[in-house]
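Inspection log for the structure reproduced underneath, given as structure tokens.
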Amino acid sequence: MLDPKLLRTDVQSLAAQLARRNFDLDLELLNSLEEERRQAQLDAQALQTERNSRSKEIGKAKASGQDIAPLLAEVDDLADKHKAAEARLDDVLAKLNALAMEIPNIPQPSVPSGKDEADNQEVSRWGTPPIFDFPVKDHVDIGNGLQQMDFEAAARISRARFVTLTGSLARLQRALIQFMLDVHTLEHDYTETYVPYLVNADALRGTGQLPKFAEDLFAVDDGQLYLIPTAEVPVTNLVRDSIQEATSLPIKFVAHTPCFRSEAGSHGRDVRGLIRQHQFEKVELVQMVPASDSEAAHEALTGHAESILQRLELPYRKMLLCTGDMGFASTKTYDLEVWLPSQNTYREISSCSNFGDFQARRMQARWRNPDTGKPELLHTLNGSGLAVGRTLLAILENFQQADGSVRVPKVLVPYMGGVETLHG
RNA sequence: GGAGGGUUGGCAGAGCGGUUGAAUGCACCGGUCUUGAAAACCGGCAUGGUUUAACGACCAUCCAGGGUUCGAAUCCCUGACCCUCCGCCA
């Protein structure tokens, strides 16, 4: 959520910046609520002051043995008035808060204005899409050929948008997870974490999934808990309600978790294959840094994700998302898109975002600035490093061979017990 | 599932319903002393908000939400979380 001060003072420029991401800030509503809030707060405070001083007088009078009955008569209706004023204030604050929670983050100046993904800017490309001298199969056909990937079996066990992997494909997925965690912990200095896969609503509000995006989540236990849609939620919330020492920054966490998404609203999209599943594995990078470091950290974190693609020899391009395609809580997002031969195009495999202080404000995640001695909000960032299901898919398609077998990327061979090729 | 105990500032830990935003200790910051350090001594040290040009003034916060009261950290109710014992269990 945004700094409430912005909502009070600089609404015009705020509205202009939010208009860039096609968000229509209701200035009229905001201003009238704000005026109402100010008045209600002043009233409530004045009554509070009076009550406090009157009560103190009564206390003193009683202590010195005076008759307090007349004093009590004077304050007879004060409590009722105060309660009414408080109720009015609470009501306005609740409305303002509800409004504030639905306002997205402000895009950084370097983010291009745009409507949807068509307006995203390509920043760079790495690798060359492979050329095949045989008919290219998609990963579903390759998996079927290997007899190690079964969507029908998964649907019988669960429902559509689930998969089962067996044998060397299941192992390849595990190898990818190990490999990614090893690179990020050993070379990029992230701390490995293990976190809950079921989280409460506060945690989801902290990272911005709630209140706006409840329909994308799977709820459990009468809505008391939710399956995580990404490790971002539990990992970022590790610093909730805390004040970090400057010496412990930057905080860099990496976690492998399954992710669960209801995919409400994407019926009919990517129905075939691994691209869009209700359950998938992901290795997630999360950083918490001082405000002054977050832009550099964003570039570095994106580089860490890119490094995985490069080591796996997967061609990709790096996209700077336009204002219209960015997530709710983000100030700036790079998407990494991997080459998929079967679709003859690039598809998202990682999304790396800088959230500024937006999530930290909701979580009350702070650090103590030694220069001022005061707590300041952290900046939070995260990125997939990488989405494992989609990485598996990309390997199958980019490394497929004419006989239906699949070559294992060199860096993964040690993680596959020396196996260099997957056969049926 | 059953029975008990608990939740107070960065930490530990006091707190008869009335000037307690909260004793005390530790930690931390500044100073005195010292060649330097330690010790000792002195002082400072929560967060958020309203208002103000500023100094300041005021308000809120002792797990959360209700209630009683002129007045609640303190009394009552509900909930969350933590701990102990019993039962069950990977």
Side-chain angles (χ1 to χ4, degrees), chain A residues 1-10 30-31 33-101 194-206 210 219-226 234 237-249 251 288 357-358 360-378:
Chain A
M1 114 174 189
L2 299 173
D3 187 346
K5 285 199 183 79
L6 283 181
L7 294 176
R8 279 198 292 273
T9 56
D10 213 3
L30 188 62
N31 284 333
L33 281 176
E34 186 48 41
E35 179 49 35
E36 222 179 304
R37 191 222 94 234
R38 214 179 66 83
Q39 198 50 54
Q41 186 151 351
L42 287 172
D43 291 349
Q45 242 182 49
L47 286 164
Q48 187 84 253
T49 307
E50 187 175 352
R51 191 195 70 178
N52 286 352
S53 62
R54 294 288 194 143
S55 291
K56 271 183 193 174
E57 283 171 27
I58 293 172
K60 277 187 208 162
K62 198 177 174 189
S64 63
Q66 297 172 33
D67 177 17
I68 58 170
L71 289 172
L72 288 181
E74 282 177 39
V75 295
D76 193 33
D77 61 341
L78 199 55
D80 285 342
K81 275 199 215 157
H82 177 239
K83 248 173 222 166
E86 290 265 272
R88 209 160 48 233
L89 178 60
D90 286 349
D91 186 51
V92 185
L93 285 178
K95 282 183 192 158
L96 266 174
N97 187 49
L99 183 66
M101 288 294 275
Y194 172 76
V195 290
Y197 302 158
L198 291 166
V199 297
N200 60 35
D202 275 344
L204 288 155
R205 270 190 287 273
L210 289 179
V220 185
D221 194 21
D222 290 328
Q224 296 292 297
L225 293 170
Y226 298 83
N237 274 281
L238 282 171
V239 296
R240 134 183 306 273
D241 294 322
S242 74
I243 300 176
Q244 301 295 322
E245 293 303 325
T247 49
S248 61
L249 301 181
I251 294 170
M288 295 85 172
D357 60 15
F358 192 88
R361 183 171 295 104
R362 291 177 171 217
M363 292 188 301
Q364 280 304 297
R366 295 169 296 175
W367 69 290
R368 196 173 293 279
N369 186 336
D371 294 337
T372 61
K374 294 286 178 191
E376 295 176 15
L377 290 169
L378 286 163

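Below, read A as the first sequence line, B as the second, and so on, with proteins coming before strands; counting in each chain starts at 1.
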What integer number of Å spans the [atom1] atoms of [N] and [M]?
| N | M | atom1 | result |
| --- | --- | --- | --- |
| G21(B) | U34(B) | C1' | 38 Å |
| U20(B) | A60(B) | C1' | 15 Å |
| C28(B) | A39(B) | P | 9 Å |
| G71(B) | C16(B) | C1' | 16 Å |
| U35(B) | G43(B) | C1' | 26 Å |
| A72(B) | G65(B) | P | 15 Å |
| G4(B) | C77(B) | P | 14 Å |
| G9(B) | U61(B) | C1' | 11 Å |

[N] [atom2] sits how many Å from [X] [atom1], rounded?
| X | N | atom1 | atom2 | answer |
| --- | --- | --- | --- | --- |
| Asp241(A) | C63(B) | CG | P | 14 Å |
| Gln224(A) | G79(B) | CD | P | 13 Å |
| Leu225(A) | C81(B) | CG | C1' | 13 Å |
| His82(A) | C58(B) | NE2 | P | 16 Å |
| Glu35(A) | U51(B) | CD | P | 10 Å |
| Arg361(A) | U47(B) | CZ | C1' | 15 Å |
| Leu377(A) | G48(B) | CG | C1' | 12 Å |
| Asp202(A) | C63(B) | CG | P | 17 Å |

Less than 4.0 angstrom between a side-chain N/O of [X] and OP1 or OP2 of [N], yes or no?
| X | N | value |
| --- | --- | --- |
| Lys62(A) | C70(B) | no |
| Lys5(A) | U50(B) | no |
| Asn200(A) | C81(B) | no |
| Asn52(A) | C59(B) | yes |

* To do: Map Asp90(A) and Ser53(A) onto RNA chain B by nearest heavy atom, then report which one ends up closer to the 5' terminus.
  =>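 Its nucleotide being nearer the 5' end, the pick is Ser53(A).
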
* Mapping Gln48(A) and Val75(A) to their closest nucleotides on RNA chain B, which lands nearer the 5' end? ->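 By nearest-heavy-atom nucleotide position, the 5'-most residue is Gln48(A).
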
Report which part of the nucleic acid [X] touches: base, sugar-phosphate, or nothing (heavy-atom distance under 4.0 Å, all strands).
| X | result |
| --- | --- |
| Gln45(A) | base |
| Arg366(A) | sugar-phosphate |
| Pro375(A) | sugar-phosphate |
| Leu78(A) | nothing |

Any strand: nucleotide that pairs with [N] via Watson-Crick or wobble, under 3.5 Å:
| N | result |
| --- | --- |
| C89(B) | none |
| C45(B) | none |
| G9(B) | none |
| U34(B) | none |
| C63(B) | G79(B) |
| A57(B) | U50(B) |

* Would you call Asn97(A) and Met1(A) a side-chain contact if the rule is heavy atoms closer than 4.5 Å? ->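 They are in side-chain contact.
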
* Asked: Would a 4.5 Å heavy-atom cut-off, applied to side chains only, mark Leu378(A) and Leu249(A) as touching?
  ->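 Leu378(A) reaches Leu249(A) side chain to side chain.
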
Please report the interatomic distance [atom1]([X]) to [atom2]([Y]), rounded to the nearest 0.5 Å.
| X | Y | atom1 | atom2 | value |
| --- | --- | --- | --- | --- |
| Lys374(A) | Arg366(A) | NZ | CZ | 11.0 Å |
| Asn200(A) | Leu210(A) | CG | CG | 10.0 Å |
| Glu57(A) | Leu71(A) | CD | CG | 7.0 Å |
| Leu47(A) | Lys83(A) | CG | NZ | 13.0 Å |

* Give a yes or no on whether the backbone of Asp202(A) and the side-chain of Arg240(A) come within a donor-acceptor separation of less than 3.5 Å. =>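 Yes; judged by distance alone, with no hydrogens or angles, the pair exists.
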
Let's see if you can work this out: which of [options] has an atom nearest to the side-chain heavy atoms of [X]?
| X | options | result |
| --- | --- | --- |
| Gln41(A) | C70(B), U19(B), U50(B) | U50(B) |
| Arg8(A) | C58(B), G49(B), G71(B) | G49(B) |
| Arg51(A) | C70(B), U47(B), U50(B) | C70(B) |
| Lys60(A) | U19(B), U50(B), U68(B) | U19(B) |
| Arg368(A) | U47(B), G18(B), G71(B) | U47(B) |

* Asked: So does Lys56(A) reach the base of G18(B) with its side chain, donor to acceptor, closer than 3.5 Å?
  ->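 For Lys56(A), whose side chain was compared with the base of G18(B), there is no donor-acceptor pair (under 3.5 Å).
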
* Side-chain ion pair, Arg38(A) and Glu35(A), N-O less than 4.0 Å ->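 Counted as a salt bridge, because a side-chain N and a carboxylate O are separated by less than 4.0 Å.
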
